[in-house]
Structure formats: C-alpha cells, structure tokens
Number of protein chains: 2
Amino acid sequence: MAKAERIRIYDVARVAGVSVATASKALNDTGRMTDATRTRVKQTALALGFRPNAMARALTQQRSFTIGLLTNDSYGRFTLPVMAGINEALVDQGVSVFLCGIEDDAALGKIHVDAMLDKQVDGIIATGKRIDRRLPVDLSELPVPVVYAFTEGPVDAVTLVSDDAQGAREATEWLLGLGRQRLVHVTGPDSFASVSARAGAFREAAGAAAAVLHGPWSEAWGHAAVAQLWQQETPPDAIFCGNDQIARGVVDALRERGVDVPADVSVIGFDNWEIVAAATRPPLTTVDMNLKELGRVAGRLILDLAEGKPVEPGIRTLPCKLVVRQSCGGDMLARPNRQEELQGI
Amino acid sequence: MAKAERIRIYDVARVAGVSVATASKALNDTGRMTDATRTRVKQTALALGFRPNAMARALTQQRSFTIGLLTNDSYGRFTLPVMAGINEALVDQGVSVFLCGIEDDAALGKIHVDAMLDKQVDGIIATGKRIDRRLPVDLSELPVPVVYAFTEGPVDAVTLVSDDAQGAREATEWLLGLGRQRLVHVTGPDSFASVSARAGAFREAAGAAAAVLHGPWSEAWGHAAVAQLWQQETPPDAIFCGNDQIARGVVDALRERGVDVPADVSVIGFDNWEIVAAATRPPLTTVDMNLKELGRVAGRLILDLAEGKPVEPGIRTLPCKLVVRQSCGGDMLARPNRQEELQGI
DNA sequence: CAGCGATGGTAAAACGGTTTCTCAAACATC
DNA sequence: GATGTTTGAGAAACCGTTTTACCATCGCTG
C-alpha cells in the first residue's frame with residue numbers, strides 16, 4: 001500500500017511549463033495549440049504517470065463513465081453472461097459497472113437505485129431471471145436512461161429479449177431434419193411467456209398434434225416426464241426440453257431405462273448452461289440464447305442513450321443459436337457452420 | 001425518463017433561508033447551530049427530495065463510497081456468494097461495488113484496476129476460483145487498501161480463506177459417527193492446496209490407511225472413481241468427495257450399479273453448490289464454505305481499512321459448515337442444530 | 001503602417017459539495 | 001459598564017478537472 005502521492009493535472013502543467021487549461025486541452029485533444037506543445041504535455045503526463053481523477057472529471061462533464069446493472073437473478077445464471085457482454089462492450093470506453101443484486105426485495109431495490117443515482121451513473125441496465133417479470137422497482141421516471149435486458153419493462157422502454165420462438169423452431173427443425181417423427185416438448189410452467197412462445201413455435205414446426213408437457217423447471221420433472229411418456233404405446237423418438245435441467249433429467253431417465261441417447265431418442269435442451277449441458281452424458285445439444293451478445297447490445301444502447309444519441313424505443317429481439325453436441329446424433333457434417341458451433345461449446 | 005432537474009444543496013439552502021455552508025453542516029450533523037435551524041434544513045431537504053451528489057462529495061472527502069471487486073471466476077460460482085456477502089455488509093454504509101471479471105487476462109486486469117483507481121475506489125477486494133492461485137495482476141503497490149478473499153495474496157496482505165481442513169474433518173467425523181468404516185476420499189488434482197488440506201484432515205480423522213483418489217473436478221471423474229473402487233473386493237461404505245460435481249458423478253454411478261445411497265453407501269460433497277447438490281438424487285449432504293460470510297467479513301475489513309482503522313495483516317480462516325441432506329442416511333435427529341442446517345438448504 | 005483575422009496560450013469560472021476561517025451578537029464575569 | 005467568552009451563522013477556499021472568455025502576438029492585406 002505505497003501511498004504514492006497521486007499526480008494531478010496541475011503537476012503535469014507545471015512540469016511541462018504550461019497552464020492547467022492548456023494541459024487539459026492537450027490531453028483531451030481539444031483546443032488549439034502547436035503540435036509541439038501538445039506532444040510535450042502528453043509526454044510529461046505519460047512520464048509522470050498522470051491519470052485524471054474520474055470524479056473531478058465527471059463533475060464538469062456530467063458524465064461519470066459508470067453504469068448500474070440491476071438484477072434479481074441470484075445464481076447469476078442469466079446475469080453473468082449478460083454482464084460479461086456489457087463489460088466487453090464498455091471496457092474500452094472506460095465505463096465501469098456497478099452490479100447490484102436485489103433479489104425480489106423492493107426496498108433493497110430502491111436503496112440500490114438511489115445509491116446509483118447519487119453516484120451519477122450514466123444509465124441503468126435492468127436484467128433478471130425471467131423475461132416476463134418486472135424487477136420490484138419502478139425505473140420509469142429516472143433522470144437517467146434505462147435499458148431492459150432479459151426482463152420486462154414498460155411498453156415504451158428500450159427492451160432486449162432473445163427470440164424464444166426462433167430458437168424453438170430451429171431446435172424442432174433440427175430434430176425433424178434428423179428424420180425424427182414423434183416429437184415431444186417437455187417444458188416449464190405455462191405461466192412463463194417464454195414457455196408459450198417456445199411451445200407455439202414447436203407446434204407450428206412439429207405439427208399441431210405434437211405433445212407439449214408442462215411441469216417445473218427441474219431435473220426431477222425430466223425424469224417424471226419420461227416415466228409418463230414411456231407408459232404410452234409409442235414413445236417419442238425426439239424430446240425438445242424447455243431448459244437444460246429438464247433435458248438432463250430426461251437423458252438420465254432414458255439411460256436408466258436402457259433407452260439409448262442419441263441412437264433411439266434425440267434430446268435437445270435450452271439455455272446452453274454449460275455446467276449442466278456439458279456434464280450430461282452424452283453432452284447436450286441445446287439452444288443458446290446469446291445472452292452475451294444481448295449484454296453487448298445493451299451496453300452499446302445504454303451508451304448511445306447516455307450520449308444523447310437517438311435510440312428507437314421498443315422490443316429488440318436477438319436470435320438464439322443451436323449449439324450442437326452429442327445428444328441428437330445424426331449427420332453433424334450436414335450442418336454448414338458446424339465448426340463454429342462446436343467451438344461455441 | 002423525466003429529466004427532473006436535480007436538487008442541489010444550493011436549492012435547499014435558499015429555501016431554508018440559510019447559507020450553503022450552514023446547510024451542509026446541518027445535513028451532516030457537523031458544525032454548530034440551533035436545533036431549530038438544523039431541523040428546518042433537514043426538513044426542507046427531505047421535502048425537496050435532495051440527494052447529495054456523491055461525486056462532488058467524494059472530491060472533497062477523499063472517500064468515494066465505492067469499492068472494486070476483482071475476480072477471475074467467470075461462472076460466478078464462488079464469486080456470487082462472496083459478492084452477496086460484501087453487498088450485505090456494505091449496502092447500509094452506502095457503498096457500491098464495481099464488479100470486474102478479468103478471466104486470466106493480465107492486460108484486462110490492469111485496465112480494470114486502473115479504471116477503478118481512476119474512479120477513486122476506497123478499496124479493492126480480490127477474489128477468484130481458487131484459493132492457492134493469484135490473480136494475474138499485482139495489487140501490492142496500490143494507493144488503496146486490498147483484501148484477498150478466496151484467492152491468494154502476498155504474505156503480508158489481509159487474506160480470507162475458508163477452513164478446508166476443518167470442513168473435511170467435520171465431514172469425515174460425520175461419516176464415522178454414522179458408523180461407516182471404510183471411508184474413501186475422491187477429490188481433485190493434488191496440485192490444489194485445498195485438496196491437500198482436505199485430504200490431510202481426512203486421513204487424520206479416518207486413519208492413515210484410508211484411500212485418497214485424485215482426478216479432475218468433474219462428474220466424469222466421480223463415475224470413473226466408482227468404477228475403480230468397485231473393482232476391489234471390499235468397496236467403501238462411505239465416500240467423501242472433493243466437490244459436489246464429483247459427488248454427483250459418484251452418486252449417479254452408484255445408482256447405475258444398483259448400490260443404494262444412502263443405505264449401502266454414504267456420500268458427502270463439498271461446496272454446497274446448490275444447483276448441483278439439491279438436484280442430485282438423493283440430495284447431497286455437503287460442506288458449505290460459508291462464502292457469503294467470507295464476503296461479509298471482507299466487506300467489513302475493506303471498510304475498516306478505508307477508514308484508516310488498524311487491521312492486522314495475515315490469513316483469517318473461516319469455518320465451513322456441514323449441510324445435511326439425504327445422501328448419508330443415519331439418524332438426522334442426532335444432530336443438535338439440525339433444523340438450522342436443513343433451513344440452510 | 002493601420003487594421004484585421006488567425007493562432008497559441010492563459011486566467012478564471014464553473015461543477016456541487018465540504019471545511020476552515022472569520023465575525024457579529026449574545027452572554028457571562030468582574 | 002468594560003471586558004472576555006461562547007454561540008450561531010456566513011464568506012471564502014478547496015477538491016481536480018473542464019470550459020469559456022479573453023488577450024497577446026503574428027502575419028497579411030490594402
């Protein structure tokens with residue numbers, strides 16, 4: 001903890017033999033001066049190891065280069081990829097991110113939002129664990145821009161979601177393309193908007209008769225669903241699951257029954273939660289919601305908003321991507337961009 | 001986005017009929033004035049919804065009420081609980097946390113640390129995914145205090161770790177207490193310090209002859225270990241695993257073999273990574289490293305340091321706690337504080 | 001050579017608070 | 001009633017930048 005006296009712009013100016021004003025302009029590439037002066041100032045700043053005090057700068061510029069990320073997703077399963085994307089988009093702009101987990105506690109939410117505003121964040125990104133629920137805080141009358149990513153916001157807000165329907169369609173078509181005929185969709189509670197969206201797309205692609213089974217978002221439900229399905233005379237030859245945990249349960253249950261995945265049955269998951277998808281035997285083919293990209297876009301949007309650039313309000317939908325592993329079988333070479341997908345693992 | 005003009009202390013002063021200086025002192029409970037004046041100022045501030053600009057305040061006070069959290073744990077498995085604890089400790093002090101994931105990228109680490117310093121953080125907490133590895137950045141000569149939590153730091157630093165040996169001992173003794181006789185420890189690579197610490201404690205408690213098997217930190221290794229162990233004439237009746245993923249693999253492999261958990265074999269995991277531990281069938285009894293508490297302590301320490309209070313350098317070790325679920329069997333009632341443990345799930 | 005527009009630079013005023021210093025009035029002391 | 005001593009409050013300096021306004025100097029033109 002060497003309490004090295006921090007260098008101020010005043011020091012740079014003195015050493016370079018100019019006024020503070022000139023130093024500031026030199027370093028920010030603004031104002032007019034000879035090239036000689038500008039480079040001289042820059043060099044001394046570099047030599048002295050000068051780093052401007054972001055607080056002082058924020059005070060005049062009305063820009064703190066700081067944003068807040070609000071989430072109620074305590075496992076970080078959705079938030080962390082989003083956060084990674086945000087950081088990726090903002091780090092070279094020198095923007096830092098306050099992360100606040102607020103669970104579903106409105107009071108805690110208010111405290112954190114107030115703290116963020118006090119600290120003059122340039123914007124707030126709201127995110128969560130569910131696309132059709134709101135955070136327990138009202139962000140609609142804030143003095144800073146807000147972007148909703150993977151969580152519901154007011155109708156006129158800037159919102160980012162992943163394309164559940166398209167993801168489900170791709171998964172279903174992939175199964176059909178493998179020659180599977182009896183498709184079933186085992187998914188979460190139908191109170192979730194994502195569930196209906198995915199189920200709808202599944203039915204459209206697989207035929208209206210194709211069964212959709214609802215249950216909790218758990219491995220246990222995957223087991224139960226298999227038990228139920230294998231009571232029927234002709235069990236399915238392909239199961240598209242609403243998330244990776246259900247898919248894992250399904251795969252495990254099938255193995256216990258002696259049903260071969262992927263030889264007898266193809267299974268596809270949803271989320272590409274690597275820790276589950278990769279540990280399943282065989283590793284899960286699954287739909288990736290591209291949350292990192294979603295985070296990147298959110299970061300860029302909040303930046304644009306902070307800079308006053310015009311941003312069209314409304315819902316932006318980002319495509320999902322099928323990540324092919326080994327739970328479906330079939331001819332992987334048929335897939336044109338297979339290399340890339342395998343790398344995405 | 002109602003761009004409501006933010007109220008400044010100037011406005012409060014004017015409305016309350018005092019000078020800015022008096023207003024400031026009134027609100028901060030400093031200086032001398034009649035109680036009447038003080039409360040009048042406070043009331044007007046409240047009525048106007050005044051919130052001080054944290055940047056401006058930081059500039060004079062040399063305190064930003066902001067800290068940085070640096071991590072290379074991209075899954076957030078260890079970082080999120082730590083972060084939750086930190087937040088819990090700091091939120092009522094009005095401190096916000098910059099979260100920066102730096103992977104193992106030294107350049108990225110430097111960028112983020114510099115950004116934090118520019119933003120005048122009051123301190124930095126370093127954390128990671130491994131207790132015996134350092135982050136790829138040197139934090140030893142920083143102008144702000146640093147606390148290392150669940151990651152290695154310089155010898156004279158303030159460091160927080162969980163008590164691997166004690167956790168392993170408790171797990172082992174629990175198995176012995178259930179009457180198990182042939183204990184085996186299936187764990188991670190012995191290049192990990194935690195692995196040796198736990199293995200050492202295991203051997204001490206279970207007898208020097210008790211076997212310790214090393215492998216990767218994966219479910220697959222759990223399966224492999226069981227295959228290996230059940231080749232022997234007398235397989236173990238209790239398996240203590242180095243993490244929950246291995247334990248999950250072990251439990252699954254045993255079920256596939258028709259070995260009953262917990263009737264025939266007791267299994268204990270490590271980490272209490274709920275998403276794995278609770279989904280295992282039966283749910284895993286496992287050692288919780290109390291990372292949230294670790295975060296709380298880290299938060300308090302960094303605050304003390306920031307306020308200049310004396311903090312003894314050195315390694316602080318926090319106890320682990322056994323979380324009892326159903327993978328061990330035995331008389332759960334025997335455990336005195338069982339209720340509490342079950343709630344901890 | 002007076003007049004004028006660039007050019008290169010500086011002094012000073014923000015930004016929004018806190019803190020130190022100063023001072024008049026009220027009060028106590030002798 | 002003259003002389004300290006509190007007490008309450010305000011003026012001004014400060015924190016470290018950016019930005020505005022201003023001012024020399026210079027080269028050019030007519």
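In what follows, every chain begins at residue 1, and chains take the letters A, B, ... in the order their sequences are listed.
A:Tyr10 has its OH atom 17 Å from the P atom of D:dT18, to the nearest Å. For the pair B:Lys119 NZ and D:dT17 P, the computed distance is 15 Å after rounding to whole Å. The interatomic distance linking A:Arg6 (CZ) with D:dC15 (P) rounds to 16 Å, in whole Å. As rounded to whole Å, 13 Å separates atom P of D:dT19 from atom CG of A:Asp29. Straight-line distance from the CZ atom of A:Arg63 to the P atom of D:dT18: 14 Å, rounded to whole Å. In this structure, the CE atom of A:Met55 is 15 Å from the P atom of D:dT18, given to the nearest Å. One atom, CZ of A:Phe65, and another, P of D:dT17, lie 15 Å apart when rounded to the nearest Å. What separates CG of B:Asp118 from P of D:dT18 is a distance of 12 Å, to the nearest Å.
Under 4.0 angstrom from either OP1 or OP2 of C:dG8 there lies no side-chain N or O belonging to A:Thr37. Using a 4.0 Å cut-off, some side-chain N or O of A:Thr22 falls inside it from OP1 or OP2 of C:dT10. Dashed line: the shortest gap from a side-chain N or O of A:Thr60 to OP1 or OP2 of D:dT18 is not under 4.0 Å. Contact check, A:Asn28 against D:dT18: a side-chain N or O comes under 4.0 Å of OP1 or OP2.
Here B:Thr30 lies out of heavy-atom contact (under 4.0 Å) with every strand. Residue contacts shown for B:Val20 include a base, since a base heavy atom lies under 4.0 Å away. Using a 4.0 Å heavy-atom criterion, one finds that A:Thr34 contacts the sugar-phosphate atoms exclusively.
The pair B:Asp29-B:Lys42 meets the salt-bridge criterion, since a charged nitrogen lies less than 4.0 angstrom from a carboxylate oxygen. Of the charged side-chain nitrogens involved, none lies within less than 4.0 Å of a carboxylate oxygen, so that A:Asp304 and A:Arg300 do not count as a salt-bridged pair. Taking the charged nitrogens against the carboxylate oxygens, B:Asp35 and B:Arg38 have no contact shorter than 4.0 Å, which rules out a salt bridge.
Nearest to the side-chain atoms of B:Leu59 among the listed nucleotides D:dT18, D:dC15, C:dG17 stands D:dC15.
The nearest heavy atom of DNA chain D to B:Ala56 and to B:Met33 marks one nucleotide each, and the one closer to the 5' end goes with B:Met33. Heavy-atom distances to DNA chain C give each of B:Arg32 and B:Arg57 a nearest nucleotide, and the one nearer the 5′ end belongs to B:Arg57. Looking at which nucleotide of DNA chain D each of B:Gln62 and B:Gly17 is closest to, the 5′-most match is held by B:Gly17.
No hydrogens or angles were tested; on distance alone, a donor-acceptor pair under 3.5 Å links the side chain of A:Lys25 to the base of C:dT10.
Going from atom CG of A:Leu59 over to atom CG of B:Leu59 covers 6.0 Å, rounded to the nearest 0.5 Å.
Using a 3.5 Å distance cut-off with no hydrogens or angles, the side chains of A:Thr66 and B:Lys119 do not pair a donor with an acceptor.
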